[in-house]
Amino acid sequence: MLLATWNVNSLKARSARVNEWLADVDPDVLMIQETKMADAAFPTADFAAAGYESVHFGEGRWNGVAIVSRVGLESPLVNFAEGEPDAQARIVSAVCGGVTVVCVYVPNGRALDDDHYQYKLQFMARLRRHVAALATPDDDVVVGGDFNIAPTDADVWDPAALAGQTHVSEAERDALVDLQAWGLRDVVREQHPESGLYSWWDYRSGSFNRGWGMRIDLMLASESVASRCTWSAIDRNARKGEQPSDHAPVLIEIGPR
DNA sequence: ATGGTGGCCCGGCCA
């Protein structure tokens, strides 16, 4: 079973590339972030024609998340499972092929003294409670998406250049550690200890070609999934060419339970 | 790395 996550930075602008990528890579499940469209505009029929069921949580011009699956899509749930609904469309969940899949677009944070940074920290705390409400650590669980957090300094091109900024601060990294302490492993990093492993490169300044990137798109897997993970990758080829997203897809392959 | 690009949709926000 091949599962992927991809922040597409507008599904409308990226539809051709997403369709080509789906046909080429043939994943069983794709988690999508930043669709930037209302539910009515989501191309449900196009995904269905390609063999994928889908659930979309759209907002309009900002945010928007989706799960598409060709191995079943049960118990679709938009927003958080408990408490007040988040005002923004940043989390959607479903059970796909027996795996509880949670697709997230964690708030950017903007700056450490910005209210949006507190929103980010609160979102991460709610995410842990959400996962705990949907599953136990013994279940098959994958929490994937754009976390807007680089787990360690090894996940950014120049830690010194980013000091004091969001994505690398202690509190958000602690929030990620706390989420993982529920029982989620960063299987991509476990399988790829090398430096320069990134999933996002700024459009500006030729960052991709200069190697100025960050690994902020993660696939976190429960123990039973992680122990069956046979392969993983970041498809940086998808960051090349005409009109790419600024993010590359992240993939994990898992064997049968 | 404080400029720069790209998406929304056409003035300014967001990443």
Side-chain angles (χ1 to χ4, degrees), chain A residues 5-21 31-43 56-66 86-92 103-124 127 144-151 153-169 171-173 175-176 195-196 198-218 234 236-250:
Chain A
T5 181
W6 193 7
N7 180 324
V8 299
N9 185 20
S10 170
L11 186 56
K12 195 174 300 178
R14 218 66 59 207
S15 59
R17 291 206 50 144
V18 170
N19 292 336
E20 289 166 14
W21 187 86
M31 295 174 243
I32 306 173
Q33 300 85 40
E34 284 205 87
T35 61
K36 292 186 173 179
M37 58 176 51
D39 288 333
F42 187 78
H56 179 243
F57 181 20
E59 182 181 327
R61 64 182 299 192
W62 306 120
N63 310 312
V65 287
D86 196 296
Q88 301 186 348
R90 295 181 175 275
I91 180 166
V92 62
C103 167
V104 292
Y105 176 43
V106 175
N108 175 288
R110 300 179 188 172
L112 302 196
D113 61 355
D114 195 299
D115 288 346
H116 204 261
Y117 180 74
Q118 296 305 317
Y119 171 42
K120 182 181 200 173
L121 297 179
Q122 289 159 13
F123 188 96
M124 287 298 294
L127 177 56
D146 177 359
F147 283 77
N148 275 313
I149 300 170
D153 281 354
D155 299 302
V156 302
W157 85 99
D158 185 354
L162 298 167
Q165 296 185 34
T166 184
H167 296 66
V168 300
S169 73
E172 61 197 288
R173 284 175 168 171
L176 182 61
S195 63
Y198 307 134
S199 67
W200 171 86
W201 299 260
D202 201 314
Y203 283 123
R204 298 167 287 188
S205 308
S207 296
F208 181 70
N209 291 322
R210 298 162 94 158
W212 293 348
M214 296 190 204
R215 192 175 68 93
I216 56 176
D217 299 272
L218 309 176
I234 299 180
R236 67 190 303 281
N237 283 330
R239 182 62 176 80
K240 303 176 182 175
E242 292 292 310
Q243 296 181 303
S245 170
D246 45 353
H247 296 254
V250 183

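Lettering follows sequence order; numbering is per chain, from 1. A quick note: this is a predicted structure, and the numbers were derived from the prediction, not measured.
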Take the protein atom CD of Gln165(A) and the nucleotide atom P of dT2(B), then report the distance between them rounded to whole Å. 10 Å

Selection from dA1(B), dG12(B), dC13(B) that lies nearest to any side-chain heavy atom of Arg61(A): dG12(B)

Salt-bridged, Asp115(A) to Lys120(A), with N to O below 4.0 Å? no

Would you kindly give the CG-to-C1' distance between Asn7(A) and dG6(B), to the nearest whole Å? 13 Å

Of the nucleotides dG7(B), dC14(B), dG4(B), which one has an atom closest to the side chain of Arg110(A)? dC14(B)

Quick one: Arg90(A) CZ to dA15(B) P, roughly how many Å, whole number? 7 Å

If you find the nucleotide of DNA chain B closest to Arg204(A) and the one closest to His247(A), which residue's nucleotide is nearer the 5' end? Arg204(A)

Please determine, for the side chain of Asn108(A), which listed nucleotide (dG7(B), dA15(B), dA1(B)) has the closest atom? dA15(B)

Taking atom types as modelled, is there a side-chain donor on Tyr203(A) or Asn9(A) under 3.5 Å from an acceptor on the other? yes

Could you check how far CD of Gln33(A) sits from P of dC14(B), rounded to whole Å? 20 Å

Determine, for Tyr105(A) and Arg90(A), whether the Lys NZ or Arg CZ falls below 6.0 Å from the six-membered ring centre while staying within 45 degrees of the axis. yes

Interatomic distance where CD belongs to Glu34(A) and C1' belongs to dG7(B) [whole Å]: 9 Å

Using the side-chain contact (heavy atoms from CB on, under 4.5 Å) definition, which of the options Lys36(A), Gln243(A), Glu34(A) pairs with Arg14(A)? Gln243(A)

OP1 or OP2 of dG3(B) less than 4.0 angstrom from a side-chain nitrogen or oxygen of Ser205(A), does that happen here? no

How far does the C1' atom of dT2(B) sit from the matching atom of dA15(B), given to the nearest Å? 15 Å

Please report, rounded to the nearest Å, how far the P atom of dA15(B) is from the CG atom of Asp217(A). 15 Å

Pairwise C1' distance, dG11(B) and dA1(B) [rounded to whole Å]: 26 Å

Base, sugar-phosphate, or nothing for Arg14(A), non-hydrogen atoms under 4.0 angstrom? sugar-phosphate

Return the value, rounded to whole Å, for the distance between atom NE2 of His167(A) and atom P of dA15(B). 9 Å

For Trp200(A), report the nucleic acid contact type (base, sugar-phosphate, nothing); a contact means any heavy atom under 4.0 Å. nothing

Check the angle between the aromatic planes of Trp200(A) and His247(A) and answer parallel, tilted or perpendicular using the 30° and 60° thresholds. tilted

Identify whether any heavy atom of Tyr105(A) sits under 4.0 Å from a base atom; if not, whether one sits that close to sugar-phosphate; answer base, sugar-phosphate or nothing. sugar-phosphate

Let me know the distance between OH of Tyr203(A) and P of dC13(B), rounded to the nearest Å. 20 Å

